[in-house]
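Heads up: the structure comes next, in structure tokens.
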Amino acid sequence: MYLKKLILRGFKSFSDKIELEFSPGITVIVGPNGGGKSNLMDALRFCLGEQSSRILRGNKTEEFIFNGSKFKKPLGMAEASVLFDNSQKILPLEFEEVLITRQIFREGYNQHFINKTSCRLRDIQELLMGTGIGQGGLCFLSQNEVEKVLLGSLDRREILEEISATNKYKFKKKESLRKLEQTNNNLIRLKDIILELSGQLKNLEGQLQKFRRYKHSCEKLKELEEIYFSLELKKNEEKYLPLKKEEEKIKLSESNLNLEINQARNEYLENKSLFLEIERQIELEHHDVNLFYLETQKQEDFLTLIEERKENISQNLNELRKEEENLKIKIKN
């Protein structure tokens, strides 16, 4: 297993996203003082779960986030990712490549990912145990730590345990002992609960007997109710038979009445149409009568006019006769 790539964004002096690819054969990174070589080592440790700000050369976690410069604004988070080749399956995962990522925010919380899947810091620590790249191994040593290893001021036992993978089993042993202790505490608590419940057992047994008697009484009551309701049902059925016959008679009468109503309705509709026809004929006759009345009135007016003319003519004739007689008298004289 070897380191293939280191990806940084916003970590310490690396404001922009950078990707460093380590091809087989790369053994050293060189550069001038202040170029950020130590920051790369800090980024590796940071990504792999180092929690000590002192080892990462800082006082608090906010110092690991790019704090801005003359030309760039400060960032709100820092991210570091390490890509390992796992083709030999040194890491207990089925992937050919394993990407470990850590994010830290100015608000103070961290996020960890394995192959872009969220996980706990503990998952990363357990994954790296026994590989030599975990905490306490010789894979990441600063210049001062190399001197300490050679002089023996560092805990060589811790380093050897990391290299030989015994620390992984020590960790599992520690976890198992912790779980056993927690189980023992749970057993003690369980004994206390048993002692407390044993004092209530007699009272509960008495309540149980009462409940059993109550249940038996309820079952007996249910049987009696079933018998009672079955008898009541038979009585009601006997009472229901004449009512049912009466209901059938009423339904038959209702049916006959409906037939009569339908017949009456049909007759009504027929009579209504006939009545409308008669009424129409009456209106026509009435119209003709009015016309005849008007014509008669005209004839009467005409007769009256003729009578008046006749009377005038008669008067004129009488006057003419009188004049004729007067003329005759005048002629004789």
Side-chain angles (χ1 to χ4, degrees), residues 1-24 26 29 31 35-69 72-142 145 162 165 167-168 171 175:
M1 182 180 72
Y2 69 90
L3 175 64
K4 293 186 67 175
K5 187 182 290 186
L6 177 64
I7 305 168
L8 302 177
R9 183 176 62 178
F11 183 79
K12 288 196 172 181
S13 59
F14 303 101
S15 59
D16 299 324
K17 182 179 179 180
I18 64 165
E19 294 186 9
L20 299 177
E21 294 188 8
F22 301 97
S23 303
I26 293 180
I29 297 177
K37 300 186 299 297
S38 299
N39 287 345
L40 294 177
M41 177 66 69
D42 295 338
L44 285 170
R45 286 178 166 172
F46 168 80
C47 181
L48 299 179
E50 180 60 60
Q51 298 299 298
S52 173
S53 299
R54 180 184 59 80
I55 294 176
L56 296 175
R57 300 183 305 121
N59 295 321
K60 52 185 179 179
T61 54
E62 288 184 11
E63 295 180 1
F64 306 141
I65 304 174
F66 180 72
N67 202 30
S69 65
K72 293 185 179 181
K73 295 180 179 180
L75 300 179
M77 59 90 74
E79 179 182 283
S81 299
V82 179
L83 181 66
F84 290 107
D85 182 349
N86 192 38
S87 58
Q88 298 179 5
K89 298 297 183 290
I90 294 175
L91 296 176
L93 294 174
E94 295 298 324
F95 302 101
E96 294 291 327
E97 293 181 340
V98 177
L99 182 69
I100 298 175
T101 304
R102 181 181 178 186
Q103 295 175 342
I104 186 170
F105 298 84
R106 288 196 181 275
E107 289 78 5
Y109 61 91
N110 290 260
Q111 288 184 340
H112 300 273
F113 302 89
I114 297 176
N115 285 352
K116 297 183 180 180
T117 301
S118 180
C119 65
R120 302 171 300 173
L121 171 62
R122 180 175 174 179
D123 297 328
I124 295 176
Q125 292 173 341
E126 290 180 0
L127 179 67
L128 299 177
M129 278 185 183
T131 61
I133 61 175
Q135 194 171 6
L138 289 173
C139 283
F140 307 110
L141 292 176
S142 63
E145 288 174 335
E162 171 65 24
N167 65 337
K168 181 176 182 180
F171 176 80
E175 284 293 306

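Numbering starts at 1 and runs along the sequence shown.
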Is the closest basic N to carboxylate O distance between [X] and [Y] below 4.0 Å?
X: Glu21; Y: Lys4; answer: no
X: Lys5; Y: Glu19; answer: yes
X: Asp42; Y: Lys12; answer: yes
X: Asp123; Y: Arg120; answer: yes

Next on the checklist: Does either side chain, that of Ser87 or that of Asp85, offer a donor lying less than 3.5 Å from an acceptor on the other one?
Outcome noted: yes
So, the side chain of [X] versus the backbone of [Y]: is there a donor-acceptor pair under 3.5 Å, distance only?
X: Gln51; Y: Gly49; result: yes
X: Asn115; Y: Leu99; result: yes
X: Asn86; Y: Phe95; result: yes

Next on the checklist: If I compare all heavy atoms of Ala80 with all of Ala43, which pair ends up nearest, and what's the gap?
Outcome noted: CB-O, 4.1 Å
Checklist entry - Which value, rounded to the nearest 0.5 Å, describes the distance between Phe105 atom CZ and Glu79 atom CD? => result 8.0 Å
Item to check | Residue Arg57 excluded, over 12 heavy atoms near CZ under 6.0 Å | outcome: yes
Item to check | Greater than 12 external heavy atoms within 6.0 Å of Glu94's CD | outcome: no
Item to check | Phe46 six-ring centre to Arg102 NZ/CZ under 6.0 Å and within 45° of normal | outcome: yes
Checklist entry - Can you tell if the side chain of Ile124 reaches within under 4.5 Å of the side chain of Ile100, non-hydrogen atoms only? => result yes
